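Here's the structure, in C-alpha cells; my notes come after.
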Amino acid sequence: MAHERNPQSREMADESMVRGLAAQAQAIWPQERELLLQLPLPAAPDVLDLGCGTGEFAGRFAELFPRARVLGVELHEPHVRLASERHAPLGARVTFRVGDAFQLDCPDDAFDLSACRHVLQAVPHAELVLAEMKRVTRPGGWLHLLVEDYGMLHFHPTERDIDAFFRAGAITYGERTGTDMRIGRRTVSELRKLGLADLRVDYLTIDTLRVPPAVLASIFTAWRDGYSTSLAEHTELSPEEIRASFEDILHCLDNADGYAVWHVPVVRGRVTEP
C-alpha cells in the first residue's frame, strides 16, 4: 500500500525496478563518473547515497574512489538486503540500511558528498528531502542530484505522439500522486532557496548514439512493466494506449534509422558555512 510520502511504493517493490535501476546505471554511469571526478572532494570522502535502491551508484562510487566510505539509505528493505549482498566484497567501506529520506538517522555535517538519484520525482515535498540532505552535509561539501524530467525524452520516428504520451501519462500521474515528474527543471531554484553556492547543472545525453539501444530498451521495458498499471489507474489513458505507446518507443529503439534521447539533469551545489 502506498504511503503518503512514498506514493510509488508498489512500483518500487516490483521486480521491474531492479532491472530498471541496473539498466539506468549502465547507461548513465560513463557520463556521470566524469562529473564526479570534477568535484573537489577529500581523498577519503564520507558519502551518502540517499534512496540508494540496489546500490548501483554506491558500489560504482566506492570503486571510483577507493578510500571513500559510502552509506546507502533506502526505504524499501528488500533493496537494502540485495544491495548489501551484492556489494559485500567492498567490505566495511560500503554499508546499506533502511531509512527515511525525510528524517535521516544521521548527525549534522556527516558527509562530504550527499547524492540522490532517480528519487526526487517520486516523492511529495521534495524540498524537505533536499533540506535534510543539506543538514547532513558538511560546510564545503556537495549535493549531487540526478533529477528526472519527463519532458526531456524524445523519440523519432514513432507512429504516436510520444511527447503527448508522457504529458498525459507520467506527468499527469505525478500531479495526481502529489509528485513532480518534471522536477529536473526546478531543482536549481530549490537549491538556491536553501542557500547552496556554486550551483552547477549538466545534462547527461543518454541517446542511441552514446548508449547501446538494447540498454535503452531495457530501461523502457522495465518502466512499462512496473508503471503501466499505475498509469492506467491515475490517468485517462487506457491500458491499451499505454502499452501501445511503450511498444512504439521500443520499435523506435529497434529501428536502425531511429533516434532516441533522454536528457538527464545533474544538479550540484556546495553547502556553505551557517
Side-chain angles (χ1 to χ4, degrees), residues 4-8 28 31-53 57-58 61 64-65 68-75 97 99-152 171 174-175 177-204 263-274:
E4 62 178 1
R5 285 185 168 177
N6 185 20
Q8 297 186 29
I28 287 169
Q31 295 178 50
E32 187 178 12
R33 72 183 296 278
E34 299 306 314
L35 298 180
L36 292 163
L37 289 170
Q38 295 171 13
L39 287 176
L41 298 174
D46 292 304
V47 178
L48 171 68
D49 181 10
L50 182 57
C52 65
F57 174 83
F61 189 94
L64 184 63
F65 293 87
R69 297 173 293 272
V70 185
L71 170 65
V73 175
E74 165 64 36
L75 187 61
R97 70 185 186 212
D100 183 350
F102 291 88
Q103 195 170 12
L104 289 167
D105 184 19
C106 299
D108 295 354
D109 304 339
F111 301 101
D112 300 295
L113 176 70
S114 294
C116 186
R117 306 167 68 262
H118 304 295
V119 173
L120 294 179
Q121 84 287 346
V123 296
H125 304 295
E127 68 277 3
L128 300 180
V129 174
L130 292 172
E132 189 69 346
M133 292 180 70
K134 177 187 176 184
R135 178 186 70 79
V136 301
T137 305
R138 296 171 182 139
W142 292 83
L143 269 58
H144 172 88
L145 310 167
L146 193 151
V147 278
E148 297 183 14
D149 189 316
Y150 284 77
M152 298 184 183
I171 293 169
E175 292 168 352
T177 57
T179 60
D180 183 358
M181 303 298 274
R182 292 181 289 188
I183 195 170
R185 66 190 67 184
R186 72 175 176 90
T187 305
V188 167
S189 297
E190 296 298 335
L191 294 189
R192 192 173 282 132
K193 291 176 188 176
L194 289 172
L196 270 68
D198 297 333
L199 297 180
R200 308 178 184 183
V201 182
D202 293 278
Y203 288 87
L204 309 184
H263 295 294
V264 184
V266 175
V267 184
R268 295 172 290 167
R270 179 174 58 81
V271 175
T272 59
E273 294 286 349

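What you are looking at is a predicted structure, and each value in this text was computed from that prediction instead of being measured.
Closest approach of His144 to Arg268, counting heavy atoms only: ND1-CD, 3.5 Å. In plain terms, the two heavy atoms of Val136 and Ser114 that are nearest each other are CG2-OG, 4.0 Å. Here the closest heavy-atom approach between residue Arg270 and residue Asp198 is recorded as NE-OD2, 2.6 Å. What you find for Met181 and Gly174 is that their closest heavy atoms are CG-CA, 3.6 Å. Nearest heavy atom pair, residue Leu120 against residue Ala126, reads O-CB, 3.8 Å. Contact record, Ala110 with Asp46: O-CB, 3.7 Å, taken as the closest heavy-atom pair.
With Asp108 as the fixed residue, the side chain to side chain donor-acceptor pair (under 3.5 Å) test singles out one of Lys134, Arg135, Arg138: Arg135. Considering Leu39, Leu196, Asp112, Val47 in turn, Leu39 is the only one that fulfils the side chain to side chain contact (heavy atoms under 4.5 Å, CB included) rule with Trp142. When each of Leu48, Leu36, Val70 is paired with Leu113, the side chain to side chain contact (heavy atoms under 4.5 Å, CB included) condition holds for Leu36 and for no other.
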Take Met133 and Leu145 through the test side-chain contact (heavy atoms from CB on, under 4.5 Å) and record every step on the way to the result. CA-CA 10 Å; Met133 292 180 70; Leu145 310 167; 3.7 Å; yes
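Atoms CG and CZ, on Leu37 and Phe65 in that order, are 5.0 Å from each other to the nearest 0.5 Å. Between Asp149 atom CG and Thr187 atom OG1 the span is 8.5 Å, to the nearest 0.5 Å. Note that the CG atom of Leu50 and the CZ atom of Phe57 stand 11.5 Å from one another [nearest 0.5 Å]. Interatomic distance, Leu71 CG to Arg97 CZ, rounded to the nearest 0.5 Å: 4.5 Å. How far CD of Glu148 is from NE2 of His263: 14.5 Å, rounded to the nearest 0.5 Å. Here Leu128 contributes atom CG and Phe102 contributes atom CZ; the two are 6.0 Å apart, rounded to the nearest 0.5 Å.
The closest donor-acceptor contact from the side chain of Glu127 to the backbone of Glu190 lies at 3.5 Å or more, if one exists at all.
Atom CD of Gln103 sits in a sparse spot, with 12 or fewer heavy atoms from other residues, nucleotides or ligands closer than 6.0 Å.
In terms of the side chain to side chain donor-acceptor pair (under 3.5 Å) criterion, Asp105 has no residue partners (sequence neighbours excluded).
Between Leu35 and Leu204, the closest side-chain pair of non-hydrogen atoms falls below 4.5 Å. Taking the side chain as every heavy atom from C-beta outward, Val266 and Tyr203 never approach each other to under 4.5 Å. Between Val267 and Leu199 the shortest side-chain heavy-atom distance does not fall below 4.5 Å.
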